[in-house]
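Since the structure comes first, as structure tokens, the remarks are kept for the end.
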Amino acid sequence: MDFDRLIQREQWNSAKWDKEILKHRFGHSDLLPFWVADMDFPSPPAVSRILRERADHQVYGYPASNRSFLKAWQSWTQNRHNWDVPLTDAVFIPGIVTAMSLGVSLYSEPGDAVLLQEPVYQPFRRMIEKNKRIIPGLP
């Protein structure tokens, strides 16, 4: 990986570097975009290769749960954390905000307080509020 290669993304529809988005969200357009975990490095060649292979298939549709992915996750979890999770208890969720929203809705009730430790990725705050939970210390 070439982490020294600078990639200019301002002209490539990047929410991270879009001056209008920065101005709208933060009142200034000349900020360094530390508000989002978006990398400015090229993807690893293996990732680019598999994406090209998938795109070449040309039929996308709705994906089913990916058993090979879940098995790889199960093996990683066992090896890394000595935690044996049966595949019947594993569910693929396509994003961290979606997963956290599901957890908040399953393990709390509307009006309950949910701890949010700043600084934080702002969609986490919105996810708590949209689930009608409160964040202690906020008006």
Side-chain angles (χ1 to χ4, degrees):
M1 291 300 305
D2 183 3
F3 294 113
D4 293 323
R5 180 176 157 208
L6 295 177
I7 298 176
Q8 298 301 320
R9 298 181 55 213
E10 290 85 354
Q11 305 303 316
W12 291 95
N13 195 30
S14 168
K16 178 178 181 178
W17 291 103
D18 187 288
K19 300 282 187 200
E20 290 180 31
I21 290 174
L22 290 172
K23 178 77 173 170
H24 175 75
R25 291 185 71 127
F26 306 108
H28 298 278
S29 61
D30 59 346
L31 302 173
L32 290 175
F34 296 135
W35 63 277
V36 64
D38 180 0
M39 295 296 106
D40 293 320
F41 306 111
S43 295
V47 171
S48 296
R49 179 182 49 75
I50 205 76
L51 285 172
R52 277 192 299 276
E53 288 174 12
R54 183 65 183 106
D56 287 345
H57 183 269
Q58 296 183 328
V59 177
Y60 305 114
Y62 293 105
S65 181
N66 188 327
R67 187 162 175 81
S68 64
F69 170 81
L70 291 176
K71 287 184 76 142
W73 172 83
Q74 180 188 44
S75 177
W76 180 86
T77 304
Q78 175 65 47
N79 293 334
R80 180 64 69 94
H81 300 289
N82 198 29
W83 184 28
D84 185 23
V85 180
L87 284 181
T88 55
D89 292 348
V91 177
F92 174 76
I93 300 175
I96 187 66
V97 177
T98 302
M100 291 177 65
S101 182
L102 181 60
V104 165
S105 67
L106 288 173
Y107 296 106
S108 67
E109 298 293 329
D112 283 352
V114 175
L115 179 64
L116 185 69
Q117 296 177 301
E118 299 280 359
V120 69
Y121 180 49
Q122 289 307 304
F124 295 169
R125 174 189 306 278
R126 287 192 298 276
M127 173 272 305
I128 293 168
E129 293 166 345
K130 285 182 179 182
N131 273 292
K132 298 183 176 24
R133 278 36 173 202
I134 60 169
I135 300 169
L138 290 183

message: On a heavy-atom basis, which atom in Trp76 and which in His81 lie closest, and how many Å separate them?
response: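 Where Trp76 meets His81 most closely, the heavy atoms are CH2-NE2, 3.6 Å.
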Count the heavy atoms belonging to other residues, nucleotides or ligands that lie under 6.0 Å from [atom1] of [X], then report whether that count exceeds 12.
X      : atom1 : value
Leu106 : CG    : yes
Tyr107 : OH    : no
Glu20  : CD    : no

Hey, does the side chain of [X] reach the backbone of [Y] with a donor-acceptor pair shorter than 3.5 angstrom?
X      : Y      : result
Asp89  : Pro86  : no
Asn131 : Arg133 : no
His57  : Val59  : yes
Arg5   : Pro42  : no
Gln74  : Val85  : yes
Ser105 : Leu102 : yes

Which distance, rounded to the nearest 0.5 Å, do you find between the [atom1] of [X] and the [atom2] of [Y]?
X     : Y     : atom1 : atom2 : result
Asp30 : Leu22 : CG    : CG    : 9.0 Å
Asn82 : Thr77 : CG    : OG1   : 11.0 Å
Arg54 : Arg49 : CZ    : CZ    : 15.0 Å

**OP:** Answer whether the closest heavy-atom distance between the side chains of Lys71 and Ser68 falls below 4.5 Å.
**Re:**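 Side-chain contact under 4.5 Å: no.
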Report the C-alpha separation of Arg52 and Ser48 in whole Å, then their side-chain angles, then the decisive distance to 0.1 Å, and conclude whether the side chain to side chain contact (heavy atoms under 4.5 Å, CB included) test is met. CA-CA 6 Å; Arg52 277 192 299 276; Ser48 296; 3.6 Å; yes
inquiry  = Under the criterion side chain to side chain contact (heavy atoms under 4.5 Å, CB included), I'd like the reasoning laid out for Tyr121 against Val97: C-alpha separation, chi angles, the key distance, then a yes or no.
reply    = CA-CA 10 Å; Tyr121 180 49; Val97 177; 4.0 Å; yes
Trace of the side chain to side chain contact (heavy atoms under 4.5 Å, CB included) decision for Trp12 with Ile7: CA-CA 11 Å; Trp12 291 95; Ile7 298 176; over 6 Å; no
